[in-house]
*Asks:* 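Handing you this structure, nothing more for now.
Every chain is numbered from 1, with letters handed out A, B, ... down the list of sequences.
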Amino acid sequence: MNVTPSAPVKAASVSATLNAWFVANARDLPWRRDGFGAWGILVSEFMLQQTPVNRVIPRLEEWLARWPTPASLAAVPPSEAVRAWSSLGYPRRALWLHAAAVQITQLHGGVVPSDVDDLLALTGIGDYTARAVAAFAYGHRHPVVDTNTRRVIARAIAGAGEPSPPNRGRDLDAMGALLPQSVHEAALFNAAIMELGAVVCTSRSPKCEVCPIRKCCAWRAAGYPEYTGIRKTVQKKFEGSDRQVRGLIMAELRSTHRSVTEAEIATLWPDAAQLQRALASLVADGLAISAEGGHTLPE
DNA sequence: GACACGTGGCA
DNA sequence: TTGCCAAGTGT
């Protein structure tokens, strides 16, 4: 006779198994080193938003060598943050990180807050990053939900090939139900489930044959059914998009400390109307400002 | 809630 | 070559 384990029993089994796997298999990443510090964790989390680990590491190390504290970043103009961001993408994150550094310096005495609500109040920090900093920098017990976590839960627990569209409350509840009571085990588990999603339970071609929880995976038990729910909205084509044109303008602005002229900007893209639209949007976002004879990064 | 927002590696 | 995807957030 089949006996279905009760949900709490399965949760405890999953968390214990994943934690043991993580302790033995975690990648050696800078932000996992002892004493990395809350500021380093926070910077890494900003950089890791939608950007792969391998591209983040060199920029992160340069960043922290130059600005080892929030106050040191807050003391320079945002233009320097945008330059140091280099080609990580989504340069507004550099602006937000700079703004957060100013807020931390002015409102929290230069110490990265540990309270989730205090973190949420900082520019550029949302549900994921606030809990990630509280959990990974301070070891607090909060459910941390990112795209990896959502995918692992969808598969291993719900038996679906992909997660349903994000739902703040439901996602936090689902992770909360798996989270060990022990503060230390909980912090480990938040990292462990993300790691599994990042290196084993990947979006495309998951490595189920080496998965530590394959024996209790609901997706496997169900025969790996195809996902039949609502599809993610497909990312729009980048070639020829406003995003591409914004990127070209930002690269030009980053490349120099002087003002970039209209004539120089005109050489970046053949469609003048699209170019002006992109430039106007960058100004609106605070990533570019009008200056003597052209445009510069925000000083 | 859908959408906009960079960049580059990989299949 | 083209499309998918990567530790999200703000509007």
*Asks:* When you measure only distances, ignoring hydrogens and angles, does the side chain of A:Arg204 come within 3.5 Å of the base of C:dC5 through a donor and an acceptor?
*Replies:*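 Side chain to base: no pair below 3.5 Å.
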*Asks:* Looking only at side-chain N and O atoms, does A:Gln50 come under 4.0 Å of OP1 or OP2 in C:dG8?
*Replies:*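 Indeed, a polar side-chain atom of A:Gln50 lies that close.
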*Asks:* May I ask you to decide if A:Leu48's main-chain N or O and A:Thr51's side chain share a donor-acceptor pair within less than 3.5 Å?
*Replies:*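 Between the backbone of A:Leu48 and the side chain of A:Thr51 there is no qualifying donor-acceptor contact (under 3.5 Å).
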*Asks:* Mind checking if A:Trp85 touches a base, just sugar-phosphate, or nothing, with heavy atoms under 4.0 Å?
*Replies:*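 Nothing, no heavy atom under 4.0 Å.
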*Asks:* With nearest nucleotides of DNA chain C determined for A:Pro52 and A:Ala130 from heavy-atom distances, which residue corresponds to the more 5′ nucleotide?
*Replies:*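 So the residue in question is A:Pro52.
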*Asks:* In whole Å, measure the gap between the C1' atoms of B:dC5 and C:dA6 for me.
*Replies:*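 Here B:dC5 and C:dA6 have their C1' atoms 14 Å from each other.
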*Asks:* Measuring only the C1' atom in each nucleotide, how far is C:dG10 from B:dG1? A whole number of Å is fine.
*Replies:*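 Result for the C1' pair: 13 Å, nearest Å.
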*Asks:* Heavy atoms only, 4.0 Å cut-off, all strands: where does A:Ser87 land among base, sugar-phosphate and nothing?
*Replies:*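 Counting heavy atoms under 4.0 Å across all strands, the contact made by A:Ser87 is with sugar-phosphate only.
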*Asks:* Return yes if some donor-acceptor pair links the side-chain N/O of A:Asn19 with the main-chain N/O of A:Glu185 below 3.5 Å, else return no.
*Replies:*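 Yes; at least one donor-acceptor contact below 3.5 Å.
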*Asks:* Does A:Arg93 place a side-chain N or O at less than 4.0 Å from the phosphate oxygens OP1/OP2 of C:dT9?
*Replies:*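 The answer is no; no side-chain N or O of A:Arg93 sits under 4.0 Å from OP1 or OP2.
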*Asks:* Given B:dC5, C:dA7, B:dT7, which nucleotide is nearest the side-chain atoms of A:Phe238?
*Replies:*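 The closest nucleotide is B:dT7.
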*Asks:* Reckon A:Ser203 has a side-chain N or O less than 4.0 Å from the OP1 or OP2 of C:dC5?
*Replies:*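 Affirmative; the distance criterion is met.
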*Asks:* For A:Asp285, report the nucleic acid contact type (base, sugar-phosphate, nothing); a contact means any heavy atom under 4.0 Å.
*Replies:*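 Nothing, no heavy atom under 4.0 Å.
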*Asks:* May I ask you to verify if any side-chain N or O of A:Arg151 is less than 4.0 angstrom from the OP1 or OP2 atom of C:dA6?
*Replies:*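 Indeed, a polar side-chain atom of A:Arg151 lies that close.
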*Asks:* May I ask you to check whether over 12 heavy atoms, not counting those of A:Glu292, lie within 6.0 Å of atom CD?
*Replies:*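 Counting neighbours around CD of A:Glu292, 12 or fewer heavy atoms of other residues, nucleotides or ligands fall under 6.0 Å, so no.
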*Asks:* Name the orientation class of the two ring planes belonging to A:Trp63 and A:Trp67 (parallel below 30°, tilted from 30 to 60°, perpendicular beyond 60°).
*Replies:*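 The arrangement is perpendicular - the two ring planes meet at more than 60°.
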*Asks:* Closest to the A:Gln235 side chain: C:dA7, C:dA6, B:dC5?
*Replies:*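 Looking only at side-chain atoms, A:Gln235 lies closest to C:dA6.
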*Asks:* Can you identify which nucleotide, out of B:dG8, B:dC5, C:dT9, has its nearest atom closest to the A:Thr129 side chain?
*Replies:*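 So the side chain of A:Thr129 is nearest to C:dT9.
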*Asks:* Contact class for A:Ile125 vs. all strands (heavy atom < 4.0 Å): base, sugar-phosphate, or nothing?
*Replies:*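 Sugar-phosphate: the residue A:Ile125, judged by heavy atoms under 4.0 Å, touches backbone atoms but no base.
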*Asks:* Is a side-chain donor or acceptor of A:Trp96 paired with a backbone partner of A:Ala100 at a separation under 3.5 angstrom?
*Replies:*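 Such a contact is absent between A:Trp96 side chain and A:Ala100 backbone.
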*Asks:* Tell me which nucleotide among B:dG6, C:dA7, B:dC3 gets nearest to the side chain of A:Tyr90.
*Replies:*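 Among B:dG6, C:dA7, B:dC3, the one nearest the side chain of A:Tyr90 is B:dG6.
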*Asks:* Please work out if A:Arg277 contacts a base, only the sugar-phosphate, or nothing of the nucleic acid, heavy-atom cut-off 4.0 Å.
*Replies:*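 Nothing, no nucleic acid heavy atom in range.
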*Asks:* Consider the side chain of A:Ala198, meaning its heavy atoms from C-beta on, and name the nucleotide among C:dA7, C:dC5, B:dG6 that approaches it most closely.
*Replies:*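 In terms of side-chain proximity for A:Ala198, the closest of C:dA7, C:dC5, B:dG6 is C:dA7.
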*Asks:* What contact category does A:Gly89 fall into here, base, sugar-phosphate, or nothing, at under 4.0 angstrom with non-hydrogen atoms?
*Replies:*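 Base contact - A:Gly89 has a heavy atom under 4.0 Å of at least one base atom.
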